[in-house]
Novice: 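First, the structure itself, so that you have it in front of you.
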Amino acid sequence: VPELERAKSEGKLVILASHHSATNLTDGGGFGGTKQEATITNADWLELVGRYPNVVFSMVGHSHEHRIRYMTPPVGRGFWEVMTSALADFPHELRVVEVWDDDNGWVRLRGTLADYSFEGDSVAAEAKKLGILDFTSGWCSEGRGTPQDRNVEIAIAKP
């Protein structure tokens with residue numbers, strides 16, 4: 001946490017990036033798992049991040065869907081969690097992220113989804129075909145998210 005402390009003391013805004021979303025953090029116990037000691041659970045993570053009002057966004061993956069969610073910790077300030085689906089799975093989209101300071105007390109994030117070209121790339125073309133097969137067969141879940149989770153613009157008051 002030294003980096004978060006330093007950014008806070010210097011008045012810098014922070015965007016976190018991790019593979020797992022807050023809702024995917026557990027102690028490893030549960031169905032088929034073995035509880036691990038010294039883990040950070042969902043509640044622990046939210047409490048930790050909530051103590052840093054300068055954390056404004058958290059970019060995550062893992063669940064293979066587009067999702068935008070405002071996270072409300074039990075203490076401190078909330079933050080926006082921006083999840084982007086995996087390129088390997090349907091809908092095979094990436095998210096272009098732009099972040100800027102409006103210079104009026106607001107910070108803005110724009111996330112725009114885009115398809116990628118697989119023209120001339122037989123491996124990418126085969127991967128896209130298999131991903132579509134997974135989706136249409138029902139093997140994998142819907143990764144597109146709701147319309148509100150796709151192309152987004154989020155404006156927040158600067159802490």
Side-chain angles (χ1 to χ4, degrees), residues 1 3-4 7-8 12-33 35-36 39-102 106-118 124 127-159:
V1 189
E3 293 83 7
L4 288 174
K8 183 178 172 183
K12 293 182 179 180
L13 300 180
V14 174
I15 299 172
L16 301 173
S18 64
H19 180 78
H20 290 277
S21 69
T23 55
N24 291 123
L25 299 175
T26 70
D27 61 9
F31 183 74
K35 184 176 179 179
Q36 302 296 310
T39 58
I40 295 178
T41 64
N42 177 350
D44 297 332
W45 177 251
L46 289 176
E47 185 176 328
L48 171 73
V49 176
R51 293 194 313 241
Y52 296 93
N54 55 322
V55 173
V56 290
F57 301 110
S58 178
M59 312 302 289
V60 300
H62 185 69
S63 293
H64 298 231
E65 66 180 320
H66 299 309
R67 185 180 79 205
I68 309 296
R69 179 181 294 165
Y70 188 75
M71 306 304 290
T72 306
V75 296
R77 181 183 166 112
F79 59 95
W80 285 94
E81 187 176 76
V82 180
M83 179 183 288
T84 302
S85 182
L87 285 175
D89 294 325
F90 183 82
H92 307 282
E93 296 171 327
L94 56 97
R95 189 185 303 268
V96 177
V97 176
E98 303 169 88
V99 179
W100 68 94
D101 186 335
D102 282 339
W106 291 83
V107 176
R108 196 173 301 268
L109 176 143
R110 179 181 296 144
T112 306
L113 296 174
D115 290 327
Y116 62 92
S117 173
F118 55 88
K128 188 157 187 164
K129 182 173 80 175
L130 292 172
I132 292 170
L133 178 64
D134 286 346
F135 173 69
T136 56
S137 70
W139 185 80
C140 73
S141 64
E142 171 65 72
R144 287 183 285 203
T146 69
Q148 295 80 14
D149 294 315
R150 297 182 57 72
N151 295 326
V152 298
E153 190 163 304
I154 303 167
I156 64 166
K158 285 173 67 174

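Note that this is a predicted model, so its numbers are computed, not measured.
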Novice: Keeping Asn151 on the side-chain end and Leu113 on the backbone end, is there a donor-acceptor pair under 3.5 Å?
Specialist: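 Indeed, once roles are kept as given, a pair shorter than 3.5 Å links the two residues.
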Novice: Any chance you could measure Asp101, atom CG, to Leu13, atom CG, to the nearest 0.5 Å?
Specialist: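 The CG atom of Leu13 is 7.5 Å from CG of Asp101, to the nearest 0.5 Å.
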Novice: Look only at the side chain of Asp134 and the backbone of Gly131, and say whether a donor-acceptor pair between them is shorter than 3.5 Å.
Specialist: no
Novice: Check for a donor-acceptor pair, side chain of Asp149 on one end and backbone N or O of Ile68 on the other, with a separation under 3.5 Å.
Specialist: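 Yes; at least one donor-acceptor contact below 3.5 Å.
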Novice: Please confirm whether the backbone N or O of Lys12 pairs with a side-chain atom of Asn54, one donor and one acceptor, at under 3.5 Å?
Specialist: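 At least one qualifying donor-acceptor pair exists.
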Novice: Does any non-hydrogen side-chain atom of Tyr52 lie less than 4.5 Å from one of Val1?
Specialist: yes
Novice: Can you see which heavy atom on Gly143 is nearest to which on Pro91, and at what distance?
Specialist: C-CD, 3.7 Å
Novice: Can any side-chain N or O of His92 pair as donor or acceptor with the backbone N or O of Leu87 at less than 3.5 Å?
Specialist: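 Indeed, once roles are kept as given, a pair shorter than 3.5 Å links the two residues.
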Novice: Using a 3.5 Å distance criterion without hydrogens, assess whether the side chain of Ser18 forms a donor-acceptor pair with backbone atoms of His20.
Specialist: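 Side chain of Ser18 to backbone of His20: a pair is present.
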Novice: Step by step, work out the side-chain contact (heavy atoms from CB on, under 4.5 Å) result for Arg110 and Trp100.
Specialist: CA-CA 9 Å; Arg110 179 181 296 144; Trp100 68 94; 3.5 Å; yes
Novice: If you measure from NE2 on His66 to OG1 on Thr84, what distance do you get to the nearest 0.5 Å?
Specialist: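 His66 NE2 to Thr84 OG1: 6.5 Å, rounded to 0.5 Å.
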Novice: Any chance you could lay out the side-chain contact (heavy atoms from CB on, under 4.5 Å) test for Thr23 and Arg67, step after step, and finish with the verdict?
Specialist: CA-CA 12 Å; Thr23 55; Arg67 185 180 79 205; 3.6 Å; yes
Novice: Salt bridge or not between Glu93 and Arg144? Use side-chain N to carboxylate O under 4.0 Å.
Specialist: no
Novice: Go through the steps to decide whether Asn24 and Ser63 satisfy the test side-chain hydrogen bond (donor to acceptor under 3.5 Å, both in side chains), and finish with yes or no.
Specialist: CA-CA 8 Å; Asn24 291 123; Ser63 293; 3.1 Å; yes
Novice: What I'd like to find out is whether the side chain of Ile15 reaches to under 4.5 Å of the side chain of Ser58, using heavy atoms alone.
Specialist: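 No; the side chains remain at least 4.5 Å from each other.
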Novice: Roughly how far, to the nearest 0.5 Å, is the OG atom of Ser21 from the CE atom of Met59?
Specialist: 13.0 Å
Novice: Would you call Thr39 and Gln36 a side-chain contact if the rule is heavy atoms closer than 4.5 Å?
Specialist: yes
Novice: Below 4.5 Å, heavy atoms only, C-beta onward: do Glu47 and Val75 meet side chain to side chain?
Specialist: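 Touching, per the 4.5 Å side-chain cut-off.
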Novice: To check you understand the geometry: which heavy-atom pair defines the closest contact between Ala124 and Phe118, and what is its length?
Specialist: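 So the minimum-distance heavy-atom pair works out to CB-CB, 3.6 Å.
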Novice: Hey, does Leu94 have a side-chain heavy atom less than 4.5 Å from the side chain of Val96?
Specialist: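 Yes, side chains in contact.
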Novice: Hey, what do you get for CD (Glu81) to CE (Met71), rounding to the nearest 0.5 Å?
Specialist: 4.5 Å
Novice: So Val14 and Leu4, side-chain contact (heavy atoms from CB on, under 4.5 Å) or not? Walk me through it.
Specialist: CA-CA 8 Å; Val14 174; Leu4 288 174; 3.9 Å; yes
Novice: Would you mind reporting whether Arg77 and Pro159 have side-chain heavy atoms less than 4.5 Å apart?
Specialist: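 Yes. Closest side-chain heavy atoms under 4.5 Å.
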Novice: State plainly whether the residues Glu98 and Arg108 are in salt-bridge range, i.e. N to O under 4.0 Å.
Specialist: no
Novice: Could you walk me through whether Val152 and Arg95 pass the side-chain contact (heavy atoms from CB on, under 4.5 Å) check?
Specialist: CA-CA 10 Å; Val152 298; Arg95 189 185 303 268; 4.2 Å; yes
Novice: Would you say Ile40 has more than 12 foreign heavy atoms packed within less than 6.0 Å of its CD1?
Specialist: no
Novice: Step by step, would you call Trp80 with Phe57 a ring pair (Phe, Tyr, Trp, His ring centres under 6.0 Å)?
Specialist: CA-CA 5 Å; Trp80 285 94; Phe57 301 110; 7.9 Å; no
Novice: Any side-chain heavy atom of Val107 sitting closer than 4.5 Å to one from Asp102?
Specialist: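 No; the side chains remain at least 4.5 Å from each other.
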Novice: Does the structure place the NZ or CZ of Lys128 under 6.0 Å from the centre of the six-membered ring of Phe90, at an angle of no more than 45° from the ring's axis?
Specialist: no
Novice: Can you name the closest pair of heavy atoms from Pro53 and Lys8 and give their distance?
Specialist: CD-CE, 4.2 Å
Novice: Using 0.5 Å steps for rounding, measure from the CG atom of Asn42 to the CG atom of Asp27.
Specialist: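 With rounding to 0.5 Å, CG (Asn42) is 11.5 Å from CG (Asp27).
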Novice: May I ask you to test the Val60-Val82 pair for a side-chain heavy-atom distance under 4.5 Å?
Specialist: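 The answer is no, as the side chains (C-beta and beyond) never meet within the 4.5 Å cut-off.
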Novice: Do we see a donor-acceptor contact under 3.5 Å between the side chains of Thr146 and Gln148?
Specialist: yes
